[in-house]
Visitor: 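Here it is, the structure, as structure tokens.
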Amino acid sequence: MSNDNSHSSRRDFLKTSTGLVAAAALGGGGGSLVSSPLRAAEYAPGMTGGPLGFEGAERLQYNSSMSEGRAIEGIKALKAAGKAPKKLTVLLLDGSIDQIRKPFRDGAMSPLDVWMRETGIEVEMIGATPDDIFKKVMQDVTTGDGAFDIYTGPWNSTGDLVSSGGATDVSEFVNKYKPDWNDPERGVTTEAFGKQLYTYNNKNYMVGLDGDTLVWYYLKNLYEKPEVKEAFLKEVDRPLAVPDTWEEVDAISKFFTGKDFGNGKMYGNGCLMSRFWGLPTFYTRFASMDFPNHYFFNDEGQPNLNSELGVKCAEEHVRSFEWSPPDALNFTFLEGWNSLWNLQVPQICTYTAIAKYGDGKKPDGTPKSKATGLMGAHDPVGRKFGDKINRRAVMYYSVTAWISPKSKNAEAAYLFLQWLSSTRTFTFLMVSPTGFFDPFQKANFNEPLVASNYQPYAMKTIPYSIARSVPSLNFGGQTALDNALDEELQAALTKQKTPRQAMDAAQGKWEQIIRRQRGKGIVEAIKASRASWPMGSDSI
């Protein structure tokens with residue numbers, strides 16, 4: 001991540017997060033294999049592995065015919081052949097470590113407990129902040145240190161890592177051990193999303209561990225207040241309802257800005273507009289400008305930024321800043337969440353953990369935020385084309401794992417990742433009330449323990465948003481491309497340039513970057529990415 005402010009903000013958040021306080025309280029006892037000997041007879045009939053020690057654990061258990069079981073059997077075969085390591089070393093986002101190593105409640109096993117019991121292979125997890133983690137990945141790659149078997153970092157960086165020779169193509173292992181990532185009943189919500197998460201340029205360089213599709217959340221109770229509904233109808237001349245289109249989003253933003261409905265002065269636009277964090281706001285709006293999609297590049301790799309629709313999108317994006325909180329250009333996602341939790345904005349399109357950390361009750365029974373019990377979620381917005389709406393969301397950041405080409409344990413590292421990312425183990429991770437990994441598999445949304453964290457009202461909205469999600473940039477040169485557009489958008493938002501001037505300048509910068517990367521496969525990667533864009537639409 002490129003936002004320097006995000007480190008301290010996230011660190012402060014983690015220190016004070018009610019979610020992490022809850023995790024510490026819940027995970028304070030039990031779960032240790034030493035203190036709680038476990039018996040295979042406690043598994044559900046037919047199951048041979050998985051967690052024990054809590055109601056519902058049987059839903060997350062497995063046997064050797066299942067994806068997790070195949071991974072465990074693979075490790076056992078490596079051990080029998082003398083090819084298994086004693087330890088795997090993983091570079092991991094610091095906020096995700098406890099999601100793997102701590103039990104989510106007293107008496108439960110942690111995911112790491114389960115892995116250790118079944119394989120005996122130690123996993124050393126070395127943490128890094130979101131700001132620093134990809135720098136550490138590239139440092140290991142460029143120096144050739146080979147300090148890690150597994151890297152994790154933002155999905156968007158896969159292209160830069162692959163083009164640097166820093167990721168192993170694990171297609172051979174995928175074919176051999178057959179993970180259930182794309183299982184029609186339990187795996188990812190769509191084939192296109194599976195392609196985004198697990199392939200780069202049609203090869204398996206990465207393993208998805210996160211579901212960072214941005215989802216719309218709003219203050220449901222506010223929309224239901226009679227005085228708000230009456231005022232909106234009088235001013236906008238239509239009933240207040242969750243929006244279907246960007247035009248309706250903007251109308252709601254304009255209406256609420258400056259008004260006070262009992263919680264202080266409001267601002268209508270809660271979507272992030274700052275450097276780095278605001279890019280997905282622009283990308284989401286941009287993708288819906290045409291039907292079924294307005295692509296970032298044409299099929300020859302030529303940018304579409306200063307097209308007529310691109311400039312129109314920039315004009316809308318800049319205008320929406322008029323309805324944002326005054327310091328919104330300095331917001332990370334945490335300040336964005338706080339603006340909704342403090343009832344300062346009525347709507348926001350953001351990461352799904354906003355509900356995990358801000359809706360519901362703390363262990364002592366007090367609300368997690370002022371918005372507890374007041375929040376709802378709604379489908380992504382788009383634009384009307386005839387009798388259709390092309391609702392579009394966007395995937396941005398999304399924690400991803402890669403295996404280092406320097407690892408001497410590539411097959412064992414892959415097997416750990418298959419075990420961790422398969423639908424039963426990953427659902428087990430999602431029952432944790434803390435951590436950066438968020439749900440994206442069908443099995444996750446069918447699990448009541450996951451719904452208790454992410455709220456039942458979002459269990460259909462999140463997978464629907466994923467199904468309408470476009471990929472943000474993920475090519476060799478992604479960092480330069482994102483930074484170039486970011487600089488120009490900020491120049492437009494701060495009135496240093498008009499939206500057209502900004503898009504013309506960004507277009508020129510993108511064209512230069514594409515020319516430099518053309519011999520490194522960027523056009524081929526763009527074409528492969530276009531195949532993972534959603535084509536679905538809704539009838540009006």
Side-chain angles (χ1 to χ4, degrees), residues 1-4 6-7 10-11 14 88-100 123-170 196-201 203-214 276-277 279-280 332-333 351 353 394-407 410 413-414 416-417 420-421 426 429 435-438 440 471-483 486 525 529:
M1 294 188 176
S2 60
N3 191 314
D4 292 336
S6 64
H7 181 184
R10 183 184 287 263
R11 183 178 58 218
L14 293 174
L88 292 169
T89 304
V90 183
L91 177 63
L92 197 65
L93 279 170
D94 49 8
S96 301
I97 291 177
D98 283 351
Q99 215 168 354
I100 297 175
V123 178
E124 181 182 13
M125 294 183 283
I126 298 174
T129 67
D131 295 318
D132 291 337
I133 194 161
F134 196 65
K135 297 172 189 172
K136 292 183 180 296
V137 171
M138 292 307 296
Q139 182 179 9
D140 196 64
V141 171
T142 55
T143 62
D145 285 347
F148 306 99
D149 295 295
I150 296 171
Y151 306 127
T152 64
W155 165 87
N156 313 53
S157 299
T158 300
D160 281 336
L161 187 61
V162 170
S163 65
S164 303
T168 300
D169 176 7
V170 297
Q196 289 180 36
L197 280 182
Y198 302 111
T199 67
Y200 177 75
N201 220 353
K203 295 180 180 178
N204 291 104
Y205 285 104
M206 69 264 219
V207 176
L209 296 174
D210 199 2
D212 274 349
T213 282
L214 274 63
F276 183 82
W277 301 105
L279 266 183
T332 71
F333 72 92
Y351 302 104
V394 67
M395 186 168 79
Y396 189 78
Y397 200 85
S398 202
V399 185
T400 294
W402 311 278
I403 295 175
S404 166
K406 293 289 184 180
S407 172
Y414 168 79
F416 171 70
L417 287 177
L420 190 71
S421 62
F426 193 76
L429 264 67
F436 291 169
F437 301 143
D438 291 318
F440 61 91
S472 49
L473 305 191
N474 185 4
F475 322 114
Q478 167 265 328
T479 303
L481 291 164
D482 275 344
N483 285 341
D486 221 356
S529 174

Visitor: Name all residues meeting the side-chain contact (heavy atoms from CB on, under 4.5 Å) criterion together with Ala128; count only those two or more places apart in sequence or in a different chain, and write none if there are none.
Guide: Leu91, Ile133, Lys136
Visitor: Counting C-beta onward and ignoring hydrogens, is there a side-chain heavy-atom pair between Phe440 and Thr213 closer than 4.5 Å?
Guide: no
Visitor: Does the side-chain contact (heavy atoms from CB on, under 4.5 Å) test come out yes or no for Leu161 and Met138, once each step is laid out?
Guide: CA-CA 8 Å; Leu161 187 61; Met138 292 307 296; 3.9 Å; yes
Visitor: State, with a plain yes or no, whether a side-chain heavy atom of Met206 is found less than 4.5 Å away from one of Val170.
Guide: no
Visitor: So do Asp210 and Thr400 actually touch side chain to side chain, heavy atoms under 4.5 Å?
Guide: no
Visitor: Suppose we screen for side-chain contact (heavy atoms from CB on, under 4.5 Å). Which residues come up paired with Pro471, at least two apart in sequence or across chains?
Guide: Trp155, Gln196, Ser529, Ser532, Trp533
Visitor: Work out which heavy atom in Ala401 is nearest to a heavy atom in Ile150; give both atom names and the distance.
Guide: CB-CG2, 4.2 Å
Visitor: How are the rings of Phe426 and Phe437 set to each other: parallel, tilted or perpendicular (split at 30° and 60°)?
Guide: tilted
Visitor: Looking at Tyr396 and Phe276, would you say the former's side chain and the latter's main chain have a donor-acceptor pair under 3.5 Å?
Guide: yes
Visitor: Heavy atoms only: give me the nearest Tyr198-Val207 pair and the separation to one decimal.
Guide: CD2-CA, 4.1 Å
Visitor: May I have the step-by-step check of side-chain contact (heavy atoms from CB on, under 4.5 Å) for Ile100 and Leu420, ending in yes or no?
Guide: CA-CA 9 Å; Ile100 297 175; Leu420 190 71; 4.2 Å; yes
Visitor: Just how far is it from atom CG of Asp149 to atom OG of Ser404, taken to the nearest 0.5 Å?
Guide: 7.5 Å
Visitor: Enter the distance from Thr152:OG1 to Leu93:CG here, rounded to the nearest 0.5 Å.
Guide: 5.0 Å
Visitor: In Å and rounded to the nearest 0.5 Å, what is the OG to CG distance from Ser472 to Leu279?
Guide: 8.5 Å
Visitor: I'd like to know if the side chain of Asp438 reaches the main chain of Asp212, judged simply by a donor and an acceptor atom lying under 3.5 Å from each other, with no hydrogens or angles considered.
Guide: no
Visitor: So, do Asn201 and Val162 sit near enough that their side-chain heavy atoms are less than 4.5 Å apart?
Guide: no
Visitor: Can you see which heavy atom on Pro405 is nearest to which on Ala167, and at what distance?
Guide: CG-N, 3.7 Å
Visitor: Using a 3.5 Å distance criterion without hydrogens, assess whether the side chain of Asp160 forms a donor-acceptor pair with backbone atoms of Gly477.
Guide: yes
Visitor: Could you give the distance from CD (Glu124) to OG1 (Thr89), rounded to the nearest 0.5 Å?
Guide: 4.5 Å
Visitor: Would you say the ring centroid of Trp402 lies under 6.0 angstrom from that of Tyr151?
Guide: no
Visitor: For Gln139, which residues count as a side-chain contact (heavy atoms from CB on, under 4.5 Å) partner, sequence neighbours excluded?
Guide: Thr143
Visitor: How far does NZ of Lys203 sit from OG1 of Thr168, to the nearest 0.5 angstrom?
Guide: 12.5 Å
Visitor: In Å, rounded to the nearest 0.5 Å, how long is the span from CZ of Phe333 to OH of Tyr351?
Guide: 7.5 Å
Visitor: Please find the pair of heavy atoms, one from Leu92 and one from Met125, that lie closest to each other, and give the distance.
Guide: CD2-SD, 3.7 Å
Visitor: Would you name the heavy atoms of Pro130 and Asp94 that are closest together and state the gap between them?
Guide: CD-OD1, 4.1 Å
Visitor: How far apart are the closest heavy atoms of Ser398 and Leu197, and which atoms are they?
Guide: OG-CD2, 4.2 Å
Visitor: Counting only N and O atoms by type, is there a donor-acceptor contact under 3.5 Å from the side chain of Asn483 to the main-chain atoms of Thr479?
Guide: yes
